[in-house]
Amino acid sequence: MEVPWEEAPRFGLMVADENDRITEFQEKPKNPKSNLASMGIYIFNWDILKKYLTEDEADPNSENDFGNNIIPNLLRDNRKMYAYHFSGYWKDVGTISSLWEANMEVLDPEHSGINLFDDNWKIYSRNSGMTGHKISSDAVVENSMITDGCRVKGNVKHSILFAGVQVEKGAVVEDAVVMGGTVIKSGAVVKHCIIAENVTIGENAVVGAMPEGDSAGVATVGAGIKIGNNAKIGPNAMVNKNVEDGEEQC
């Protein structure tokens with residue numbers, strides 16, 4: 001898939017001729033020769049793939065990687081490989097910002113090109129087995145995806161809540177991706193961030209902030225972390241250990 005040239009250095013790139021035959025593979029090059037990003041989806045003849053995988057496994061110096069080993073070895077032996085130009089929805093989520101963007105795009109199917117709510121194009125995944133979600137009478141939910149088992153008593157706007165998330169009364173969640181089992185306690189404010197599984201965000205804590213100007217920071221909180229009451233987590237923070245009551249992290 002073609003990507004903007006300025007973003008090309010962060011992708012594996014296929015260099016192809018006028019017939020779309022691949023002539024070179026570049027892994028995240030500083031000086032890209034192509035902007036045709038590899039989507040990581042390949043179709044091989046099995047006998048050929050088996051041969052190269054077996055040889056690669058026997059090579060003690062190999063990284064056992066498609067981009068760094070298998071594809072270059074196929075090119076070395078002048079095997080015929082061709083690029084397929086894809087024009088549908090695709091997102092590389094190799095950065096925190098792109099992961100956040102991909103989740104937000106789910107909420108805007110008319111413009112993003114991905115529609116998880118299309119009954120003719122269902123994505124089947126493992127069911128949590130939890131009860132249905134419940135929105136209390138004093139809760140406010142706008143343009144959000146609320147998964148089974150959630151309990152919402154606060155305000156949720158333009159966010160995705162995975163299974164079993166609890167948003168207590170007076171809490172505010174906006175532009176956030178909140179993964180399963182997380183509890184956001186009363187008065188907490190959670191904005192423009194990614195919260196991993198089984199996190200507890202204490203009362204009146206603040207996590208993240210809506211971007212201002214060119215700032216595009218996305219705060220992240222790791223799985224199982226406890227954010228203390230009245231703690232403050234900045235918009236660019238990456239939290240991987242518990243935060244005490246009243247503590248601040250930038």
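Only heavy atoms go into these numbers, but all of them, side chains included; no hydrogens, no water, no symmetry mates.
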Drop me the distance from [X]'s [atom1] to [Y]'s [atom2], to the nearest 0.5 angstrom.
{"X": "Asp17", "Y": "Glu24", "atom1": "CG", "atom2": "CD", "value": "12.5 Å"}
{"X": "Gln26", "Y": "Ser38", "atom1": "CD", "atom2": "OG", "value": "12.5 Å"}
{"X": "Lys33", "Y": "Leu13", "atom1": "NZ", "atom2": "CG", "value": "11.0 Å"}
{"X": "Lys122", "Y": "Leu116", "atom1": "NZ", "atom2": "CG", "value": "13.0 Å"}
{"X": "Lys134", "Y": "Gln166", "atom1": "NZ", "atom2": "CD", "value": "12.0 Å"}

Evaluate the side-chain proximity of [Y] to [X]: yes if any heavy-atom separation is below 4.5 Å, no if none is.
{"X": "Ile194", "Y": "Met179", "answer": "yes"}
{"X": "Thr147", "Y": "Ser128", "answer": "no"}
{"X": "Asp148", "Y": "His133", "answer": "no"}
{"X": "Glu101", "Y": "Val218", "answer": "no"}
{"X": "Lys185", "Y": "Thr200", "answer": "yes"}
{"X": "Phe25", "Y": "Met14", "answer": "yes"}
{"X": "Trp121", "Y": "Asn115", "answer": "no"}
{"X": "Val177", "Y": "Phe162", "answer": "yes"}

* Taking only residues two or more places apart in sequence or in another chain, which ones pass salt bridge (charged side-chain N to carboxylate O under 4.0 Å, His left out) with Arg10? ->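 Only Glu7, Asp92 meet the salt bridge (charged side-chain N to carboxylate O under 4.0 Å, His left out) criterion with Arg10.
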
Under 3.5 Å: donor-acceptor pair, side chain of [X], backbone of [Y]:
{"X": "Asp245", "Y": "Asn229", "value": "yes"}
{"X": "Ser159", "Y": "Asp175", "value": "yes"}
{"X": "Asn35", "Y": "Pro4", "value": "no"}
{"X": "Trp100", "Y": "Gly217", "value": "no"}
{"X": "Asn69", "Y": "Asn64", "value": "yes"}
{"X": "Asp77", "Y": "Arg79", "value": "no"}
{"X": "Asn242", "Y": "Lys226", "value": "yes"}
{"X": "Asp65", "Y": "Asn68", "value": "yes"}
{"X": "Ser144", "Y": "Glu142", "value": "yes"}
{"X": "Asn103", "Y": "Leu99", "value": "yes"}

Is it true that, when you exclude [X] itself, more than 12 heavy atoms of the residues, nucleotides or ligands shown sit nearer than 6.0 Å to its [atom1]?
{"X": "Glu6", "atom1": "CD", "value": "yes"}
{"X": "Lys232", "atom1": "NZ", "value": "no"}
{"X": "Ile123", "atom1": "CD1", "value": "yes"}
{"X": "Tyr84", "atom1": "OH", "value": "no"}
{"X": "Asn31", "atom1": "CG", "value": "no"}
{"X": "Lys51", "atom1": "NZ", "value": "yes"}

Between Gly222 and Ala196 the two heavy atoms that sit nearest each other are C-CB, 3.6 Å

Minimal heavy-atom distance between Ala219 and Gly234, with the atoms involved, is CB-O, 3.4 Å

Report whether [X] and [Y] are members of the same hydrophobic cluster (ILVMFWY, side-chain heavy atoms less than 4.5 Å apart, transitive linking).
{"X": "Ile41", "Y": "Tyr89", "answer": "no"}
{"X": "Tyr82", "Y": "Leu36", "answer": "no"}
{"X": "Ile22", "Y": "Met39", "answer": "no"}
{"X": "Ile70", "Y": "Trp46", "answer": "yes"}
{"X": "Leu53", "Y": "Met81", "answer": "yes"}

| said: Is it true that Ser62 and Asp56 share a donor-acceptor pair across their side chains at a distance under 3.5 Å? | reply: yes

query = What orientation do Phe44 and Phe66 show, parallel under 30°, tilted 30 to 60°, or perpendicular over 60°?
reply = parallel

Students should find that the hydrophobic cluster of Met130, defined by side-chain heavy atoms under 4.5 Å apart, otherwise consists of none

Which Ile, Leu, Val, Met, Phe, Trp or Tyr residues join Val207 in one cluster when any pair of side-chain heavy atoms under 4.5 Å counts as a link?
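Ile135, Val141, Ile146, Val152, Val156, Leu161, Val165, Val167, Val173, Val178, Ile184, Val190, Ile195, Val199, Ile201, Val221, Ile225, Ile227, Ile233, Val239, Val243, which link up through side-chain heavy atoms under 4.5 Å apart, make up the rest of the cluster.
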
